[in-house]
Amino acid sequence: MDSNVLCKCREDSEEQKKYDEIRNIIDLYRGKEGCLIQVLHAAQKIYGYLPLELQRFIADALNIPFSEVSGVVSFYSFFSVKPRGEHTIRVCLGTACYVRGGKKLVEHIQKTLDVELGGTTSDGKFTFEVARCIGACGLAPAIMIDDVVYKQMTPTKLDSLLAKFYERGGEK
Amino acid sequence: MLNLTINGKAVTAPEGSTILEAAKYNHIKIPTLCHLDNIHSIGSCRICVVEVEGARTLQAACITKAVDGMVIETNSERVQKARKVLYELLMSDHNDDCLNCKRNTTCELQELGKMLGVEQSRFEGEQSSSPLDVSVSITRDLSKCVLCRRCITVCNEIQGVGILNAQNRGFETVIGPGMDLPLGSVNCSFCGQCTVVCPVGALKETSSVEKVWAAINDKSKRVVVQVAPAIRVAIGEEFGLPAGTRVTGKLASALSYLGFDDIFDTNWAADLTIIEEGTEFLNRVKNALTGRKSVLPMITSCSPGWIKFIEHTFPDQVAHLSTCKSPHMMMGAVVKSYYAAKLGIRPEDMFVVSIMPCTAKKSEIVRSEMKNNGVPNVDAVLTCRELADMIKEAGIDFVNLPDREFDVPLGMSSGAADIFGITGGVMEAALRTVYELVTGRELPFDKLHVTPIVGLERIKEATIKIENPLEQYSYLDGLEVKVAVTSGLKGARILMEQIARGESPYHFIEVMGCPGGCITGGGQPRSADPEVREKRLKNLYDEDESKTIRKSHENPYIISFYKEFLGEPNSHLAHELLHTHYVKRGKYNEHTTETFVLDVPKPEKRSIRTVKAAEPQEMPETVKVRSREELESVTILNLEAENKRLKRELEDTLETVDILKRVIADYVQQGK
Ligand code: SF4
Ligand code: SF4
Ligand code: SF4
Ligand code: FES
Ligand code: FES
């Protein structure tokens, strides 16, 4: 069936533009082996995240079941179905980090930022996730904010680090 | 032939066999769980592991090909221990409240436990969060799911609907619709094929047994029961009879012992359907030939799973559907009008129960179109399996029951009605009547069987030429009526796409939602006999041939019913009671607000605790070793750890490797 049935909800032209862009990508990839992951990557880049409606749009355009798209989206931690914060905090819970206090960091973040695992702070500043090993086991526990790894974290260090993000309005 | 050594004996097996097949060929049983012959083999549960000489790790017999000269141990100590551990790990994440489980005693997991000699799991692992998802037709209880993925194969590969797939990963993996939506809110057809293959109590029909007992025990209700054709060649299997055994008489007896007031036969309504649908078809053809508005091909509408599928998938094509209600709905409407009046009872005081091979019929009866004057046509649907449960519950010795007839007037039927339960049967029944009506001659086939549309192939077709029709049908002279028959939703999709493209060459199409038709419907007994479909099919054709009256229009109780009550076929009253209309739903229910959810599950929040449980390194702590010797047995612990790792690795690798490769390729491409 044509995916146009879903278009009626996108009167917003900004939104429509994003969808058009995604459609172009899909047209590019369609029929190629393993195109779903690539399309999802691109779509997340364009749209920011992968809400239900967008997943259905992609499912229809690629002519595969929605449950399959959703299955892939939920399988990989780098896909998100909720709007993402400006920054992503990932606390490592690999063995080394877990043993050396990763869990405490998780609890600390949940408390101070008032955010659920996988959720985004209400001010849209941070999305909070956990990672398996991020390759800094020697200096565990480690966390990542966006692309930067911070090692030997403690709750106190974390507080001042987060404070900096708020002060600087989010440095890059 | 391959030469192998299995358990020290030299044996042979056909080329290309898996180890499992080779063993079976030599009458050696290897336990399995996820594997389903000829349908599903992904090697995920590892219960079938065997030792192969020269291989470092144990091999899954169901997916490993046997190679000439292979030396295989199917039951060595190493193998036995590995299986036990795997089984215990399965059970550690299983809600093993067997006494409260519908599958108690028919459960493949229980049976496996018995075979492996495991009584209780030593792993008290944390159980993954598992909401109960109850739709009108099907209940998903994920606390019982063993992640065998048979349902995924059936829903995607065989039915081609694609509702069920693995969601999330690792410890959080659940099998279900996208975004964890409830089954009743998505485009599931409710065909129930997934409930037939589920080895455990994770997928099953939503029970109506309590409701029916309550009605039987309510003295103020007249409880009328009707049985679909396919039940009579299947229910015996639930009582140990061979696949396909005809038990029509015992079935009617059992129903009367259960306390139903009237024992009617959906077959009677199948005959009625033929008259209504045949007349509708002739009208459509006439209109088309005389240049009036008409939608062809006309498609049968007896299969509610098929109906829901077309409403979701091809909402713009529903005008192709015959407007006839399905036979059991017609029966309900007739019982609560004609028969109620005969008895002088208010329709509200009647309770109609349909015994169906089908899970989709459970949702059909709650549709708002299936009411007359605000009273539902049918009050409860029981699957064949549920009826068997009730008979067992009531302590009735089914196998030794005497035969009984169905009650009159709504229990008498022609042979044409029996074959409504098989793919091709509705079409054949319709042709027997329509051809004779139009030409005055009997349908020109041996024993009245339209051979090109008999059988279990996905799509069948036939052409019937009308020559020398009766005078009032002279406009049909020379017409080659093209018909097609399909069963299973994958075939239905093919024929519908043809229609949507405007390329369908057919006048009349029969669609049944389940592969093979109602004989293997989603509510039928789960059978271990690989030839179950062939056997039920043959016996239903036998039932047809055993009748003196083989054509619907010759059923005397149909003739008198028109005379007494309806007047003409397709009359105003007939339309009111026996015909319906369809809902354009759309793939994502975008055109309707109607859903079939009974109980919306609250998805549990992901918590840090489950993350912890997912850590492989935590494993040794969660192992509760019961006896000292075991604690000392380093080998066992090693083996257990290895198996746990293997299982986890496999789960992840299977899904990841292929996909990850593509991601990497993507990044490389972007990088250059
Ligand atoms: S699925 Fe089988 S093992 Fe599990 S509770 Fe039900 S009967 Fe018992
Ligand atoms: S009932 Fe049929 S369509 Fe629905 S999930 Fe099961 S197999 Fe798929
Ligand atoms: S729901 Fe049943 S068939 Fe599907 S994966 Fe779970 S256990 Fe297997
Ligand atoms: S375990 Fe955290 S970086 Fe390796
Ligand atoms: S039966 Fe072979 S892996 Fe499950």
Side-chain angles (χ1 to χ4, degrees), chain A residues 1-3 5-6 8-9 29 32-42 45 50-53 55-57 59-60 63-78 81 91 93-99 102-107 109-110 116-119 129-132, chain B residues 152 155-156 160-170 172-181 183 186-188 312-317 496-497 500 586-588 590-591 605-612 614-618 652 655-656 658-667 669-670:
Chain A
M1 208 201 351
D2 202 285
S3 40
V5 278
L6 292 170
K8 59 178 181 296
C9 1
Y29 278 115
K32 290 196 191 132
E33 256 291 301
C35 58
L36 176 58
I37 296 260
Q38 283 144 328
V39 167
L40 288 172
H41 262 292
K45 224 177 241 167
L50 299 166
L52 178 120
E53 195 207 328
Q55 289 184 40
R56 285 179 170 168
F57 176 82
D60 289 352
N63 198 18
I64 51 180
F66 161 61
S67 61
E68 199 178 317
V69 173
S70 152
V72 170
V73 168
S74 58
F75 188 80
Y76 293 102
S77 51
F78 44 76
V81 296
V91 175
L93 283 183
T95 322
C97 294
Y98 185 84
V99 174
K103 195 182 160 196
K104 236 184 247 144
L105 292 176
V106 168
E107 280 161 4
I109 290 175
Q110 276 176 328
E116 275 296 320
L117 187 53
E129 291 170 349
V130 294
R132 293 193 175 207
Chain B
I152 298 186
C155 186
N156 290 266
V161 189
I163 302 303
L164 300 175
N165 263 303
Q167 311 292 325
N168 309 326
R169 70 176 290 164
E172 309 236 332
T173 305
V174 292
I175 309 301
M179 296 286 278
D180 299 330
L181 292 169
L183 199 62
V186 300
N187 53 327
C188 167
H312 283 298
T313 322
F314 299 94
D316 297 333
Q317 311 294 340
M496 283 316 295
E497 278 167 355
K587 193 160 164 193
Y588 304 118
E590 58 270 26
H591 309 310
K605 285 205 181 111
R606 291 177 178 212
S607 73
I608 189 71
R609 283 175 44 237
T610 54
V611 173
K612 177 185 161 196
E615 275 308 311
Q617 288 79 5
E618 292 295 297
D652 280 9
E655 299 190 27
T656 324
D658 194 38
I659 291 172
L660 267 185
K661 267 194 222 145
R662 295 171 197 158
V663 180
I664 293 166
D666 186 33
Y667 278 128
Q669 217 173 13
Q670 281 182 358

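Chain letters run A, B, ... following the sequence lines, proteins first, then strands; residues in each count from 1.
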Could you walk me through whether B:Y588 and A:E53 pass side chain to side chain contact (heavy atoms under 4.5 Å, CB included), step by step?
CA-CA 10 Å; B:Y588 304 118; A:E53 195 207 328; over 6 Å; no
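Smallest separation of non-hydrogen atoms from B:G162 and A:P65: O-CB, 3.2 Å. Of all heavy-atom pairs between A:F75 and B:R169, the closest is O-CD, 2.9 Å. Shown here for B:N165 and A:E68, the closest heavy-atom pair between the two residues is ND2-N, 3.6 Å. Between B:Q167 and A:G71, the closest heavy-atom pair is OE1-N, 3.1 Å.
Heavy atoms of B:N187 lying under 4.5 Å from chain A are absent altogether. Contact of B:L181 with chain A is made through the side chain alone, with heavy-atom distances under 4.5 Å. In this structure, chain B has no heavy atom under 4.5 Å from any part of A:V99.
For A:S67 (side chain) and B:P177 (main-chain N/O), no donor-acceptor pair under 3.5 Å exists by modelled atom type.
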